[in-house]
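These notes are about the structure you will find just below.
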Amino acid sequence: NAGVMQNPRHLVRRRGQEARLRCSPMKGHSHVYWYRQLPEEGLKFMVYLQKENIIDESGMPKERFSAEFPKEGPSILRIQQVVRGDSAAYFCASSPGLAGGPGEQYFGPGTRLTVT
Amino acid sequence: KQEVTQIPAALSVPEGENLVLNCSFTDSAIYNLQWFRQDPGKGLTSLLLIQSSQREQTSGRLNASLDKSSGRSTLYIAASQPGDSATYLCAVAPHGSSNTGKLIFGQGTTLQVKP
């Protein structure tokens, strides 16, 4: 059973470009979380999605950031018009669901975004 | 607002020592608590998950305890090895009206085990 997959592992963008980060959850998992780890800071929750639905986006910056989890295909975190402050490691986690309470979250290897 | 604190921020021990990492959280209303390991430049590996109704979990040389009423958890590592060197992260899933399962992380304890 493959784990959570993220690609690309490393992404370099110039200021003003768009960044697209992809996450494929573990087989059988329908819940996806995105977290961001800024340099010298802890991991911060960004957004929680189920298939075709954004459930909680309380951690997402109000502008330039968006996320989706379509019926088919991976979850996508999209950052428009990137700035240097967006440079960070972005982690995706998946879990099997909320029946009886939140399940264990399994993390992917992360995408390290560098904005030049 | 839930906040998670880990002490110490860094720890260096000789190989073979038993050690304890501490985690505290401000709101006892949680679904569960997870301990993770993160190697430099890598993702997170889940070590132990403790549900709010449980007191402890064990896996090999690792034992995690949970005292929800006092807002504390400890991760005990027995007979430490150089391969245990990593950053250890504690995270709680708050129990509240949103119930989304999102994790609130501590800043981590960076452990170095010297041969």
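Values below: all heavy atoms of this structure, side chains included; hydrogens, waters and symmetry mates excluded. Values in this document were obtained by computation on a predicted structure and should not be read as measured data. Residue numbers begin at 1 in each chain, while the letters A, B, ... track the order of the sequences.
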| said: Whether the B:S46 and A:E104 side chains hold a donor-acceptor pair (N or O, under 3.5 Å, no angle test) is what I'd like checked. | reply: yes
| query | With sequence neighbours left out, what residues match B:F36 under ring-ring contact (aromatic ring centres under 6.0 Å, His included)? | reply | A:F107, B:F105
| query | What distance do B:K102 atom NZ and A:I55 atom CD1 have between them, rounded to the nearest 0.5 Å? | reply | 13.0 Å
| task | Tell me, for A:Y106 versus chain B, whether the close heavy atoms (under 4.5 Å) come from the side chain, the backbone, both or neither. | result | neither
| So what's closer than 4.5 Å to chain B heavy atoms on A:Q6: side chain, backbone, both or neither? | neither
| request: Please list all pairs passing the salt bridge (charged side-chain N to carboxylate O under 4.0 Å, His left out) test where one or both residues lie in residues 48-66 of chain B, with sequence neighbours left out. | output: B:R61-B:D84
With a 6.0 Å cut-off (strictly less than), is the heavy-atom count around [atom1] of [X], excluding the residue itself, greater than 12?
X	atom1	result
B:R72	CZ	no
A:M5	CE	no
B:K42	NZ	no
A:Q81	CD	no

| B:L89, part contacting chain A, at a heavy-atom distance under 4.5 Å | side chain
| field | Any donor-acceptor pair under 3.5 Å from A:Q105 side chain to B:Q34 backbone | value | no
| Donor-acceptor contact below 3.5 Å, side chain A:Y35 vs main chain B:L103 | yes
| message | Can you confirm whether B:Q38 sits close enough to A:Q37 that some side-chain heavy atom of one is under 4.5 Å from a side-chain heavy atom of the other? | response | yes
